[in-house]
Amino acid sequence: MALKLGAYTACLHDRTLTEALDILKENGLTSVEVNTGGFIPSPHCPVDLLLSSAKAREEYLATFADRGMELTGLNCNGNPLNPLPGVGPKHADDLRRTIRLAGLLGVRHVVTMSGTPGSDPDAKYPSWVVNPWDGVYMDVLDYQWGVAVEFWKEIDALARENDVRVAIEMHPHNLVFSPVTLKRLVDAGGLTNVGAEMDPSHLMWQGMDVIASIKWLGPLVFHAAAKDATLCPGADIRGVLDTSFTRVPADADGKVPTGYGFWCNAWPENPAWKFVAVGLGNDVPFWTEFLRALAEIDPDIAVNIEHEDAAYSQTEGLALAAKNLHSAAAAL
């Protein structure tokens with residue numbers, strides 16, 4: 001079994017690429033995923049330079065190879081279907097450029113999100129339908145799926161042309177947020193080079209069975225994230241679809257942009273759920289079964305830690321996640 005264990009370097013964006021890689025290497029990680037656009041900047045991947053220069057691409061890949069590491073994924077998470085002119089078109093263009101770059105670099109997988117359109121052709125903002133018990137929302141979903149399928153047919157063709165597979169993170173507030181919606185998109189579009197990035201954290205807080213989801217999707221699982229989540233006492237009165245977030249001021253230091261003029265909000269003090277370091281929401285035996293289920297689909301699949309546990313620093317959280325992930329792999 002040759003699972004590729006690594007990390008997504010977004011948690012180390014304040015370090016240079018070489019500094020980030022050295023931190024990963026210190027934690028015994030050999031697989032690397034870097035950001036190329038979408039919601040957040042790409043300090044670890046000079047996309048324009050790499051698209052234009054074969055020499056730059058050769059030198060860039062050598063940065064990983066010289067450390068015994070492999071670039072296994074380019075991450076371009078965003079909302080390419082957002083009707084806001086400062087968001088959707090840019091994220092869609094970032095995705096197309098990322099696919100072309102992956103092909104040139106020989107990187108097999110691009111990670112992204114499906115996106116969410118507006119409710120109708122005249123909508124200004126994206127609209128996520130969660131529970132369409134009212135018939136009007138079926139009309140919204142019919143429109144949104146029509147938009148999404150046509151877009152993803154185009155992306156699928158581009159991925160096929162560049163010998164790349166696009167792995168969609170099943171993330172709430174996107175049209176694809178579950179195994180069922182992922183498969184619906186693939187089937188509706190007849191897609192061949194689009195599948196799932198198995199980030200279990202979002203399935204966890206929605207109440208899904210992660211192992212059953214992996215087995216149900218089977219070969220549609222292309223790539224994976226090691227990211228944990230846990231329900232909190234706040235779920236007793238909030239439920240997992242809580243909207244009690246608050247705005248972060250425009251002049252706040254360290255705000256996380258999601259598009260021109262928009263950024264992440266602040267969580268409630270007693271949230272319904274939160275992300276935690278690998279092993280703190282679900283124990284090591286769970287992660288062993290997670291890796292086992294993935295390996296049964298693809299023994300060489302890349303599993304990259306995504307550290308977003310606010311209780312730990314960048315390096316502490318990454319080190320804890322790596323320790324538990326290695327323990328899980330050893331138990332195989």
Side-chain angles (χ1 to χ4, degrees), residues 3 5-12 24 27-29 31 33 75 77 111 113 167 169-174 177-179 182 196-217 221 223-242 244-245 256 264-295 301-332:
L3 289 171
L5 304 183
Y8 174 36
T9 64
C11 66
L12 300 171
L24 267 58
N27 287 286
L29 302 171
S31 170
E33 185 177 325
N75 190 303
N77 275 335
V111 177
M113 296 175 185
E169 179 178 348
M170 296 170 284
H171 193 299
H173 84 61
N174 283 267
F177 62 94
S178 65
L182 185 285
E197 189 236 15
M198 180 49 67
D199 179 337
S201 63
H202 301 291
L203 307 189
M204 290 169 181
W205 67 258
Q206 291 183 84
M208 299 181 206
D209 183 321
V210 172
I211 307 303
S213 293
I214 295 171
K215 293 180 177 178
W216 188 80
L217 284 169
V221 177
H223 196 76
K227 186 177 176 187
D228 211 341
T230 186
L231 293 181
C232 303
D236 291 350
I237 56 172
R238 297 182 183 280
V240 297
L241 297 179
D242 180 45
S244 304
F245 289 65
V256 180
C264 287
N265 295 315
W267 288 57
E269 290 185 6
N270 61 329
W273 59 272
K274 64 181 179 180
F275 297 126
V276 292
V278 171
L280 299 189
N282 292 269
D283 59 17
V284 169
F286 165 85
W287 288 100
T288 297
E289 294 310 307
F290 176 75
L291 295 178
R292 191 187 312 280
L294 292 172
I301 197 169
V303 184
N304 294 329
I305 294 165
E306 185 176 358
H307 169 51
E308 289 189 10
D309 188 335
Y312 294 87
S313 73
Q314 300 153 290
T315 53
E316 290 173 335
L318 190 59
L320 177 58
K323 175 178 176 291
N324 287 331
L325 192 62
H326 284 309
S327 294
L332 289 174

Legend entry - Atom pair CG (L3) and CG (L294), whose distance is rounded to the nearest 0.5 Å: 7.0 Å

Legend entry - Distance (rounded to the nearest 0.5 Å) between M204 CE and K227 NZ: 10.5 Å

Legend entry - Donor-acceptor pair, side chain of S313 and main chain of E316, under 3.5 angstrom: yes

Inset, instruction - Would you mind reporting whether H307 and Y312 have side-chain heavy atoms less than 4.5 Å apart? - result: yes

Legend entry - Residue pair L5 / A329: nearest heavy atoms and the distance that separates them: CD1-CB, 3.8 Å

Legend entry - Contact summary for S178 and M208, nearest pair of heavy atoms: CB-CE, 3.5 Å

Inset, instruction - Drop me the distance from I305's CD1 to L318's CG, to the nearest 0.5 angstrom. - result: 5.5 Å

Legend entry - Donor-acceptor under 3.5 Å (D228 side chain, G279 main chain): yes

Legend entry - Any V111 side-chain heavy atom under 4.5 Å of Y8 side chain: no

Legend entry - Within-4.5 Å side-chain heavy-atom neighbours: L325 and L291: yes

Inset, instruction - Dump the intermediate steps for side-chain contact (heavy atoms from CB on, under 4.5 Å) on L332 and T288, then the final yes or no. - result: CA-CA 6 Å; L332 289 174; T288 297; 3.8 Å; yes

Legend entry - Check: R238 and P271 side chains under 4.5 Å, non-hydrogen atoms: no

Legend entry - Listed partners of F290 passing ring-ring contact (aromatic ring centres under 6.0 Å, His included), at least two apart: W287

Inset, instruction - Measure the CE-CD1 distance between M198 and I301 for me, rounded to the nearest 0.5 Å. - result: 9.0 Å

Legend entry - From D309 atom CG to K274 atom NZ, the distance as rounded to the nearest 0.5 Å: 7.0 Å

Legend entry - Residues forming a ring-ring contact (aromatic ring centres under 6.0 Å, His included) with F177, sequence neighbours excluded: W128

Legend entry - Closest contact, heavy atoms only, I211 versus A293: CG2-CB, 4.2 Å

Legend entry - Results of side chain to side chain donor-acceptor pair (under 3.5 Å) for S327 - residues two or more places apart only: none

Inset, instruction - Compare every heavy atom of A302 with every heavy atom of H223, then report the nearest pair and how far apart it is. - result: CE1-CB, 3.7 Å

Inset, instruction - Decide yes or no for V210 and N282: does some side-chain heavy atom of the first lie under 4.5 Å from some side-chain heavy atom of the second? - result: no

Inset, instruction - Could I get the full list of side chain to side chain donor-acceptor pair (under 3.5 Å) partners for H202, not counting sequence neighbours? - result: E169, W205

Legend entry - M170 vs S213 side-chain heavy atoms within contact, under 4.5 Å: no

Legend entry - Shortest non-hydrogen contact between V221 and L217, atoms and distance: CG2-CB, 3.8 Å

Legend entry - All ring-ring contact (aromatic ring centres under 6.0 Å, His included) counterparts of H326, not counting sequence neighbours: none

Legend entry - Note, D242 side chain near W273 side chain (heavy atom, < 4.5 Å): no

Inset, instruction - Measure from the side-chain N and O atoms of N75 to the backbone N and O of N77, and report whether any donor-acceptor pair falls under 3.5 Å. - result: yes

Inset, instruction - Could you tell me whether the side chain of D199 and the main chain of A225 form a donor-acceptor pair under 3.5 Å? - result: no

Legend entry - Check: Q206 and V240 side chains under 4.5 Å, non-hydrogen atoms: no

Legend entry - Considering all heavy atoms, the nearest A7-N304 contact: N-OD1, 3.6 Å

Inset, instruction - Please name all residues satisfying ring-ring contact (aromatic ring centres under 6.0 Å, His included) with W216, sequence neighbours left out, ordered by chain then number. - result: none

Legend entry - Rounded distance [0.5 Å steps], CD in E289 versus CG in D283: 10.5 Å

